[in-house]
Trainee: 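Sharing a structure below in structure tokens format, with a few things to ask.
In the text below, chain A, chain B and the rest are named by the order of the sequence lines, each starting its count at 1. Since this is a predicted model, take the numbers as computed values, not measurements.
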Amino acid sequence: MELTLEGISKKVGAQPWLYDMSLAPKRDAVTVLLGATQAGKTSLMRIMAGLDTPTQGSVRVDGKDVTGIGVRERNVAMVYQQFINYPSLRVADNIASPLKLRGEKHIAERVQSLAARLHIEMLLDRYPAELSGGQQQRVALARALAKGAPLMLLDEPLVNLDYKLREELREELTQLFAAGDSTVIYATTEPGEALLLGGYTAVMDAGELLQYGPTAEVFHAPQSLRVARAFSDPPMNLIAAEAVTLGVQLNAGPALSIPLPAVVSKSLTTALTVGVRASALRLQARDGDVALPGMVDLAEISGSDTFVHLSTAVGEVVAQLTGVHYFKLGASLTLHLSPVQVYVFDATGALLVAPQRTGGH
Amino acid sequence: MARIDLDLAHSYQPDPRQDADYALLPLKMSFADGGAYALLGPSGCGKTTMLNIMSGLLAPSRGTVRFDGKDVAQLSPQQRNIAQVFQFPVIYDTMTVADNLAFPLRNRKMPEDQIRKRVGEIAEMLELSGQLGRRAADLTADAKQKISLGRGLVRPDVSAVLFDEPLTVIDPHLKWQLRRKLKQIHHELKLTLIYVTHDQVEALTFAEQVIVMTRGKAVQVGSADALFERPQHTFVGHFIGSPGMNFLPARARGRALDVAGRTLALPPGLALPEGELKLGIRPEYVALTAAEDPAALPVTVAQALDIGTHVLVTGQCGELKIKARLNPELEAPRCGDTAWLRVIGPHTCFYQNEELIP
């Protein structure tokens with residue numbers, strides 16, 4: 001289905017919760033709402049569902065205005081952070097409930113096949129309280145899928161699960177979404193989760209919709225500093241800089257040879273910000289690299305990567321290195337970066353230059 | 001501070017008969033004085049049971065808990081002199097931040113001038129100095145949890161500080177800061193810290209030694225690089241790393257290894273026991289290679305996902321799935337392509353009955 005939000009805003013009392021925004025999530029695909037807590041993700045989803053009405057603006061479904069129509073009159077499936085099931089019904093009846101409501105036939109077979117897709121077919125005779133958190137959320141997801149709704153809203157559905165379980169379930173969900181024909185809206189606070197879900201991403205911050213597009217595109221070309229901050233984990237390294245003849249001069253650091261777009265007015269280039277992703281900093285130098293010497297503050301290890309925090313002349317920076325590396329606290333270390341891998345933002349925070357890309361598509 | 005030795009088993013049932021009846025299978029484990037440890041595993045693995053036995057909230061159904069050689073199995077947390085930090089803030093809302101931090105010290109009748117000094121130090125480390133005079137009730141959830149951490153760390157004379165998933169309620173952006181803080185604090189205070197978590201980043205960053213647990217058993221005790229490079233058990237390979245290690249059923253025949261219907265060549269110097277085993281390789285070490293490479297398998301690319309810093313490729317090889325985390329600077333294969341993925345190299349591990357072949 002085609003969902004269109006036009007000029008939506010929401011005030012609660014005098015307090016604005018959502019500022020004027022328009023969004024047309026790609027139909028029958030996944031759109032991730034990415035933002036920190038309080039960004040407005042849940043408020044926006046409640047408006048999409050028909051649980052709340054916007055203060056201004058309209059919601060359209062397949063071109064038809066549904067702004068004032070409540071959730072019961074719409075065909076929407078929702079899954080929340082908390083595992084919500086009917087406690088007095090067995091798993092099979094939990095999954096069957098939307099099917100029974102619609103008076104469908106072959107309910108037992110449908111329940112079987114949904115349960116099999118979510119790997120809970122051996123739990124059909126149990127009650128929700130007898131299940132682990134991960135199993136309970138699988139039941140809630142199976143019930144949402146049983147609804148066969150053209151619009152599925154998932155509000156941080158995996159946040160209360162162990163990360164391994166999250167990994168497994170996220171992968172299964174991605175496959176289910178790809179195979180289905182629902183428009184899916186998925187809220188998360190984690191940039192990494194947005195990237196793993198693929199699809200499209202809408203970046204939100206403090207009640208504003210900042211940018212919408214294919215997930216990888218938004219990640220690689222954030223239109224503003226605010227998007228770059230919201231869509232990076234570890235946080236993008238941000239370094240004050242100014243424009244010079246050959247490119248940009250990092251404050252208290254080296255100059256980088258980067259051609260700036262000619263159209264940029266002088267007033268916007270005096271206070272530039274250079275953004276460097278943690279993964280763009282390397283231990284080995286390559287031709288044309290710029291060196292950033294510093295002192296190790298801490299090395300964090302994620303299992304697959306090591307994140308080194310370094311105090312340098314341009315401030316503290318974080319580098320992401322593949323695998324497990326140890327560094328003594330206080331040790332000297334030099335990181336290297338290529339000028340073609342940095343972002344440059346102007347004085348207003350708008351993107352001027354994004355890194356050149358070679359691989360992935 | 002104390003050295004802690006465990007030699008025990010625990011079952012919540014009165015008459016355990018089989019392994020599955022135990023929350024903790026019989027184990028021996030030592031925690032050095034001043035060390036930083038993490039108990040890492042999925043829910044239900046026994047890590048919280050182990051923590052509660054150390055703190056004195058739970059008596060083991062058999063065996064001993066020794067603090068500096070003295071059996072404390074029947075003593076309360078107060079008698080053991082343990083400080084604890086829980087998932088959710090445990091603080092007095094009506095008190096100021098300073099009084100909250102001072103509370104455990106006043107209970108122990110520390111002189112006021114020493115209390116002020118220590119509270120000042122802890123507040124400085126946790127960046128709470130500016131808020132010392134404020135009422136705890138007025139602070140955000142994050143700041144409240146910082147006070148909880150401070151209350152756990154404030155007493156210099158504790159046997160150990162036990163943390164039970166202390167960063168669960170913290171926003172991802174702030175978690176970075178607090179993980180760093182805890183590591184620095186361990187460096188400065190030299191307390192014995194034991195930290196329970198299901199989050200690998202917290203465990204691997206914080207601890208010098210990580211105890212990986214599953215089904216009531218500690219399957220590996222080791223440093224971060226040992227867990228990453230040489231998982232002793234397939235569970236460790238699976239649990240550490242995102243995504244975890246690839247495991248491929250294989251059969252060894254002399255110098256050859258049969259995997260997924262192909263015969264691969266083993267590197268010189270590697271001897272494997274004949275018969276069924278599992279090949280383990282991390283997605284970070286799977287590489288694209290030329291067709292017919294004798295250390296590689298042909299796969300059909302089912303997914304090539306740009307995850308920003310890398311391209312995550314899922315390859316289908318018959319019934320097997322192989323994940324590869326590839327450098328984004330290289331041309332990534334496209335969905336539907338046939339690609340050759342190298343799975344045998346210096347980082348490949350082999351497993352028999354789920355245990356690493358040394």
Trainee: Which atoms of A:H309 are under 4.5 Å from chain B, going by heavy atoms: the side chain, the backbone, both sets, or neither?
Mentor: side chain
Trainee: Contact part of B:P283 toward chain A, heavy-atom cut-off under 4.5 Å: side chain, backbone, both or neither?
Mentor: neither
Trainee: In terms of side-chain geometry, is the basic nitrogen of A:D289 or A:R282 positioned less than 4.0 Å from the acidic oxygen of its partner?
Mentor: yes
Trainee: Under the criterion side-chain hydrogen bond (donor to acceptor under 3.5 Å, both in side chains), which of A:R170, A:E193, A:K41 is the partner of A:Y186?
Mentor: A:E193
Trainee: Could you look at A:F219 and say if it's the side chain, the backbone, both or neither that has a heavy atom under 4.5 Å from chain B?
Mentor: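 Interface part for A:F219: side chain.
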Trainee: Could you give the distance from CD (B:E202) to CG (B:L178), rounded to the nearest 0.5 Å?
Mentor: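 Output value for this atom pair is 9.5 Å.
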Trainee: Tell me, for A:F231 versus chain B, whether the close heavy atoms (under 4.5 Å) come from the side chain, the backbone, both or neither.
Mentor: neither
Trainee: Please check if the side chain of A:T188 supplies one atom and the backbone of A:L34 the other of a donor-acceptor pair under 3.5 Å.
Mentor: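 A pair under 3.5 Å: no.
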Trainee: Please state whether the side chain, the backbone, both or neither of B:L312 comes within less than 4.5 Å of a heavy atom of chain A.
Mentor: side chain
Trainee: Between the side chains of B:E354 and B:K278, is the shortest nitrogen-to-carboxylate-oxygen separation below 4.0 Å, so that they form an ion pair?
Mentor: yes
Trainee: Tell me, for B:R282 versus chain A, whether the close heavy atoms (under 4.5 Å) come from the side chain, the backbone, both or neither.
Mentor: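 Answer is neither: B:R282 stays 4.5 Å or more from chain A.
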Trainee: Is A:A299 in contact with chain B via its backbone, its side chain, both, or neither, using a 4.5 Å heavy-atom distance?
Mentor: backbone
Trainee: So what's closer than 4.5 Å to chain A heavy atoms on B:H187: side chain, backbone, both or neither?
Mentor: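 Side chain only.
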Trainee: Would you say CZ of B:R215 has more than 12 non-hydrogen atoms from neighbouring residues, nucleotides or ligands within 6.0 angstrom?
Mentor: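 12 or below, so no.
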Trainee: Between A:L131 and A:R138, is any pair of side-chain heavy atoms under 4.5 Å apart?
Mentor: no
Trainee: For the interface with chain B, which of A:D305, A:V159, A:T174, A:L165 has the highest count of heavy-atom pairs at distances below 4.5 Å?
Mentor: A:D305
Trainee: If you count heavy-atom pairs within less than 4.5 Å of chain A, which of B:I240, B:T168, B:T309, B:D199 leads?
Mentor: B:T309
Trainee: For the interface with chain B, which of A:V324, A:L329, A:L298, A:I301 has the highest count of heavy-atom pairs at distances below 4.5 Å?
Mentor: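 Ranked by contacts with chain B, first place is A:I301.
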Trainee: Need one label for A:E217: side chain, backbone, both or neither, based on atoms under 4.5 Å from any heavy atom in chain B.
Mentor: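 Interface part for A:E217: neither.
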Trainee: Between A:A216, A:G323, A:A278, A:G303, which has the largest tally of heavy atom pairs under 4.5 Å with chain B?
Mentor: A:G303
Trainee: Using non-hydrogen atoms and a 4.5 Å limit, figure out which bit of B:E284 sits close to chain A: side chain, backbone, both or neither.
Mentor: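 Interface part for B:E284: side chain.
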Trainee: Taking all atoms of both residues into account, what is the closest heavy-atom pair of B:H198 and B:G41, and its distance?
Mentor: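 Reported closest heavy-atom pair: CB-O, 3.4 Å.
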Trainee: Less than 4.0 Å between a side-chain N and a carboxylate O, is that true for B:E127 and B:K181?
Mentor: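 Looking at B:E127 together with B:K181, the answer is yes, because their closest N to O distance falls below 4.0 Å.
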Trainee: What do you reckon, is CD of A:Q38 surrounded by more than 12 foreign heavy atoms closer than 6.0 Å?
Mentor: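 No, the 6.0 Å shell around CD holds no more than 12 heavy atoms from other groups.
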Trainee: Go through the atoms of B:E229 and report whether side chain, backbone, both or neither lie under 4.5 Å from a heavy atom of chain A.
Mentor: neither
Trainee: Can you tell which part of A:E300 gets under 4.5 Å to a heavy atom of chain B, answering side chain, backbone, both or neither?
Mentor: both
